[in-house]
Amino acid sequence: EPEVTQTPSHQVTQMGQEVILRCVPISNHLYFYWYRQILGQKVEFLVSFYNNEISEKSEIFDDQFSVERPDGSNFTLKIRSTKLEDSAMYFCASSEAVTALLGYTFGSGTRLTVV
Amino acid sequence: DQQVKQNSPSLSVQEGRISILNCDYTNSMFDYFLWYKKYPAEGPTFLISISSIKDKNEDGRFTVFLNKSAKHLSLHIVPSQPGDSAVYFCAARGGAGGTSYGKLTFGQGTILTVHP
């Protein structure tokens with residue numbers, strides 16, 4: 001079964017450093033998303049991306065965050081200057097169509113630890 | 001953001017019996033509701049969804065019921081199996097008052113334990 005692949009599975013970084021989280025969505029999917037889950041809290045929406053541009057973003061997704069689809073397969077989330085509160089599981093997801101009937105396919109996540 | 005709430009943090013059932021997981025929402029603009037299952041160290045796995053214009057959707061052992069007037073949905077698992085033990089998340093799509101295709105709003109999750 002096709003899957004969304006995320007790398008690395010765990011990243012430790014110093015506060016203030018830049019990190020790039022990588023995702024390879026399912027190949028025929030057109031819509032891409034980033035979510036995060038801080039330990040003990042809900043899964044939260046960050047951003048959605050379609051047709052090479054952001055289609056929606058949450059208030060969490062401030063100027064420190066950016067997304068990019070640098071080639072035909074990768075989808076990245078960059079955090080420019082990490083803060084302690086950015087420590088969380090980050091999930092990439094993709095979907096084939098705009099309808100949510102078939103759900104979004106999530107990757108296994110990257111655990112980001114900011115020290 | 002309490003637009004989607006799962007009020008039961010945990011549920012324990014016997015193998016073979018029915019599991020009923022509940023979810024309440026406040027935003028009447030949500031257009032789809034989804035259930036996800038999650039194991040530790042894995043991403044959420046899609047189980048089943050329902051459009052806001054339906055009141056029931058069934059897929060094998062899983063049935064989702066939607067009561068729009070009560071702003072309530074539930075997931076029924078029959079019969080429950082030990083492999084169903086996981087965290088179950090309710091999620092709702094949309095809610096911006098217009099087109100909002102990207103955003104899923106999740107509940108807090110319910111830990112389901114199915115005992116053999």
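Note: hydrogens, waters and symmetry copies are ignored here, and every other heavy atom, side chains too, is used. Chain identifiers are assigned alphabetically (A, B, ...) following the order of the sequence lines, protein sequences preceding nucleic acid strands; residue numbering begins at 1 within each chain.
With a 4.5 Å cut-off on non-hydrogen atoms, B:Tyr36 touches chain A through its side chain but not through its backbone. For B:Ala41, the part lying near chain A is the backbone, with the side chain staying farther off; criterion is any non-hydrogen pair under 4.5 Å. Contact of B:Phe89 with chain A is made through the side chain alone, with heavy-atom distances under 4.5 Å.
Taken to the nearest 0.5 Å, the NZ atom of B:Lys103 stands 13.0 Å off from the OG atom of A:Ser55. Here the straight-line distance linking atom NZ of A:Lys42 with atom OG1 of B:Thr105 works out to 8.0 Å at 0.5 Å rounding.
Heavy atoms of other residues, nucleotides or ligands lying less than 6.0 angstrom from CZ of B:Arg17 number 12 at most. For NZ of A:Lys83, the number of neighbouring non-hydrogen atoms (other residues, nucleotides, ligands) closer than 6.0 Å is greater than 12. Counting heavy-atom neighbours within 6.0 Å of A:Leu39 CG, excluding the residue itself, gives a total of 12 or less. For B:Asn7, the CG atom is densely surrounded, since the number of other residues' heavy atoms within 6.0 Å is greater than 12. Other residues, nucleotides and ligands contribute at most 12 non-hydrogen atoms within 6.0 Å of the CD atom of A:Gln14. Sparse packing is recorded around CD of A:Glu3, with 12 or fewer heavy atoms of other residues, nucleotides or ligands lying under 6.0 Å away. Environment of CZ in A:Arg69: crowded, with over 12 heavy atoms of neighbouring residues, nucleotides or ligands closer than 6.0 Å.
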Practice prompt. Tell me, with the steps shown, if A:Phe91 and B:Lys38 meet side chain to side chain contact (heavy atoms under 4.5 Å, CB included).
Written response: CA-CA 12 Å; A:Phe91 295 105; B:Lys38 187 179 179 304; 3.6 Å; yes
Worksheet item: Does the pair A:Gln41 and B:Phe106 meet the rule for a side chain to side chain contact (heavy atoms under 4.5 Å, CB included), with working shown?
Response: CA-CA 10 Å; A:Gln41 297 187 24; B:Phe106 282 82; over 6 Å; no
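Contact check for B:Leu104 versus A:Tyr104: side-chain heavy atoms found under the 4.5 Å cut-off.
The distance between the ring centers of B:Phe46 and A:Phe106 does not fall below 6.0 angstrom.
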